[in-house]
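A, B, ... follow the sequence lines: proteins, then strands. Residue 1 opens every chain.
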Amino acid sequence: MAQKPSIPKGTRDFNPGEVLKRNFIIQTISRQFERFGFQPIETPAMENMETLMGKYGAEGDRLIFKILNSGDFLKKIDRESLEQKDIVQITPLLSEKALRYDLTVPFARYVVMHQNEIDFPFKRYQIQPVWRADRPQRGRFREFYQCDADVVGAKGLVQELEFIQLYDRVFTDLGLPGVVIKVNHRKILSGIAEVIGAAQRLTDFTVALDKLDKIGPEKVRQEMIEKGISEGAVQRASALFELSGSTEAQLNILREFLSESPVGMQGISELELLISQTEALGMTGATCQIDITLARGLNYYTGAIFEVSAPPEVPMGSIGGGGRYDDLTGIFGLRDVSGVGISFGLDRIYLVMEELGLFPVALNQTVEVFCLNFGEQESRAALKLVMHLRDTGIPADLYPDPVKVAKQFKYADKRGFPYVILIGADELREDQFTVKDMKTGQQQTYAMEDWQTFAAQLNA
RNA sequence: GUGGUUGUAGCUCAGUUGGUUAGAGCGCUGGAUUGUGGUUCCAGAGGUCGCCGGUUCGAGCCCGGUCUUCCACCCCA
């Protein structure tokens with residue numbers, strides 16, 4: 001009995017039209033990555049459990065897909081640990097591999113393992129799927145693609161500057177308007193926490209602050225207090241909740257607020273430099289603005305942080321993010337390697353572009369010339385012509401069976417082929433071929449030896 | 001992980017207070033002078049109503065479970 005086929009929750013099939021559009025995005029991104037000097041690498045879908053666990057916080061560990069060991073793994077587990085039902089204790093015995101959760105941690109592992117072959121500073125890009133055991137929602141999948149570019153072994157602020165330019169160029173090439181690149185600096189956040197006396201609760205503070213534009217100042221205050229930040233501290237921070245105005249004005253207020261915090265002041269001067277340099281360089285489409293509420297959950301960031309929001313008319317959350325992490329490879333034993341990186345969320349960019357109708361229409365027309373099949377003799381002549389066209393670089397195809405002409409035309413129409421070639425008994429006899437323009441319906445006959453004339457017209 | 005939501009033909013959906021052989025549009029297949037598609041006309045195929053169990057004389061409809069979809073949290077691309 002046939003079973004009804006299905007695929008796991010949060011995963012998708014991609015049909016030909018979708019793949020062409022996804023490839024368009026991937027090609028646009030990777031072209032710019034290469035133009036900016038990044039080199040491609042790939043890493044395995046699965047990593048050792050220890051490589052991933054503990055890198056994304058307690059919440060992240062829960063979302064890592066674990067791979068069940070092969071063989072009689074239950075034999076190794078004693079009755080006692082089974083009966084205790086302690087997941088944390090038993091998991092390492094059941095599973096020693098997991099699907100990668102992002103591309104940054106595998107990259108850090110890669111850098112450490114290949115440190116002797118790598119010429120630093122190393123600029124790499126990587127476009128591969130990642131997996132998260134999240135609950136699927138719109139723009140949220142359990143299998144999705146990240147497009148990452150990172151530099152390791154470079155401390156200068158010029159890298160951050162380059163990443164803002166890279167974001168700008170990619171979104172310009174994609175034709176996605178209204179993209180805003182929000183920047184902040186982890187040291188500013190540390191400084192604020194320090195000044196208000198909540199340095200111990202930096203993560204709780206930033207996570208709550210990050211929600212400001214979503215839930216409003218009142219709820220943010222509430223959440224901070226619930227997380228154990230003192231009312232006095234929250235009160236002091238409140239002054240920053242309504243921070244607005246020009247970049248200049250915001251920085252001035254921050255400078256005053258953080259004057260007692262050397263760390264905070266350092267963050268301000270870096271951010272200020274970044275913004276002014278970006279303005280000096282100019283952008284081709286996107287805009288760049290300071291957002292001190294931008295926090296980004298991943299706690300390995302230590303310097304500038306970026307986040308790219310979808311255009312306001314499409315509710316989608318962020319379509320990219322990144323930042324500087326001073327010690328990502330430290331946990332794998334390689335100290336003092338500073339890194340900066342950004343990521344593009346392919347699947348969300350796809351949804352945004354689809355919603356706004358921004359994909360070039362020409363993408364789905366793969367085959368340009370389609371030859372009908374009138375029988376054995378005729379199709380042999382047709383195939384010869386098709387091969388000539390293919391060798392000229394024109395995508396051409398031949399219907400495989402000599403079925404009814406109406407059926408072949410119907411097929412050509414549905415596939416959207418712009419030109420149909422007929423070589424029937426008449427054409428074969430006269431050594432000719434007839435071309436039908438499917439849009440206008442007009443037909444023209446060429447001598448077989450003049451096929452290059454036809455090919456030249458297509459390319460014109 | 002918490003709370004809610006959805007599931008009927010390939011697709012989009014109807015289906016009255018539980019009551020005979022479950023419908024529509026689109027799509028699909030075939031036909032309307034065997035070398036002409038996208039428009040028209042005619043005919044046809046296609047469903048164990050997500051799955052498992054329960055209530056009932058009787059369940060697409062009620063109840064429980066499960067999977068799936070989408071949404072809000074959490075978190076994030």
Side-chain angles (χ1 to χ4, degrees), chain A residues 1-12 15 25 29 56-64 87 101-104 127-148 203 206-208 210-211 214-215 219 223 227 294-299 306-310 315-322 341-352 370 372-375 378 399 402-429 433-443 445:
Chain A
M1 183 164 155
Q3 58 170 342
K4 218 174 204 174
S6 65
I7 54 174
K9 190 202 292 201
T11 65
R12 298 150 295 159
N15 65 37
I25 299 175
I29 292 173
Y56 310 102
E59 197 62 30
D61 284 356
R62 189 173 59 82
L63 299 177
I64 291 172
I87 289 281
Y101 178 88
D102 71 357
L103 300 179
T104 309
I127 299 176
Q128 287 190 280
V130 302
W131 294 269
R132 294 184 189 179
D134 222 339
R135 246 208 224 176
Q137 269 178 47
R138 176 172 179 71
R140 247 173 117 151
F141 307 99
R142 291 186 144 187
E143 177 184 66
F144 63 96
Y145 270 70
Q146 290 193 330
C147 313
D148 276 30
T203 305
T206 54
V207 166
D210 195 42
K211 295 175 189 164
K214 206 171 176 183
I215 63 176
K219 294 226 166 138
E223 180 170 331
K227 293 281 180 178
L294 172 61
R296 303 209 32 89
L298 299 171
N299 30 29
F306 312 109
E307 187 162 292
V308 182
S309 319
M316 187 58 71
S318 70
I319 55 176
I342 59 169
S343 180
F344 291 82
L346 168 64
D347 302 85
R348 287 189 178 176
I349 291 172
Y350 180 98
L351 289 171
V352 169
F370 186 69
L372 301 194
N373 188 327
F374 283 88
E378 294 89 335
Y399 198 90
V403 300
K404 281 204 295 191
V405 175
K407 192 183 161 93
Q408 299 191 43
F409 261 110
K410 218 169 185 174
Y411 178 80
D413 183 54
K414 273 196 290 205
R415 292 285 307 273
F417 303 144
Y419 298 98
V420 167
I421 286 182
L422 300 91
I423 300 175
D426 296 348
E427 284 88 354
L428 192 63
R429 193 182 330 108
F433 63 96
T434 300
V435 180
K436 175 162 180 166
D437 182 326
M438 292 296 274
K439 270 205 191 74
T440 64
Q442 286 179 342
Q443 299 192 177
T445 300

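Proximity of A:Lys9 to the phosphate of B:rU68: a side-chain N or O atom is located under 4.0 Å from OP1 or OP2. A:Lys211 has a side-chain polar atom (N or O) that falls below the 4.0 Å cut-off from OP1 or OP2 of B:rC75.
Of the P atoms belonging to B:rG4 and B:rG64, the separation is 12 Å, rounded to the nearest Å. Taking atom P on both nucleotides, B:rG3 is separated from B:rA9 by 30 Å, rounded to a whole Å. Rounded to whole Å, the P atom of B:rA22 lies 14 Å from the corresponding atom of B:rA45.
Contact of the A:Val130 side chain with the A:Tyr145 side chain is not registered, since no non-hydrogen atoms from C-beta on lie closer than 4.5 Å.
Among B:rG38, B:rU68, B:rC75, the nucleotide with an atom closest to any side-chain atom of A:Leu63 is B:rC75. Listed nucleotides B:rG30, B:rG37, B:rA77 differ in distance to A:Ser318; the shortest reach to its side chain belongs to B:rA77. In the set B:rC74, B:rA77, B:rG30, B:rG30 carries the atom at the smallest distance from any side-chain atom of A:Lys407.
Residue A:Leu422 is classed as a base contact, given a heavy-atom separation below 4.0 Å to a base.
Between A:Tyr399 and A:Tyr411, the ring planes are perpendicular. Angles over 60° get that label, and only those under 30° would be called parallel.
A donor-acceptor contact under 3.5 angstrom links the side chains of A:Thr434 and A:Thr445, judged on distance only.
Using a cutoff of 4.0 Å between basic side-chain nitrogens and carboxylate oxygens, A:Asp426 and A:Arg429 are scored as salt-bridged.
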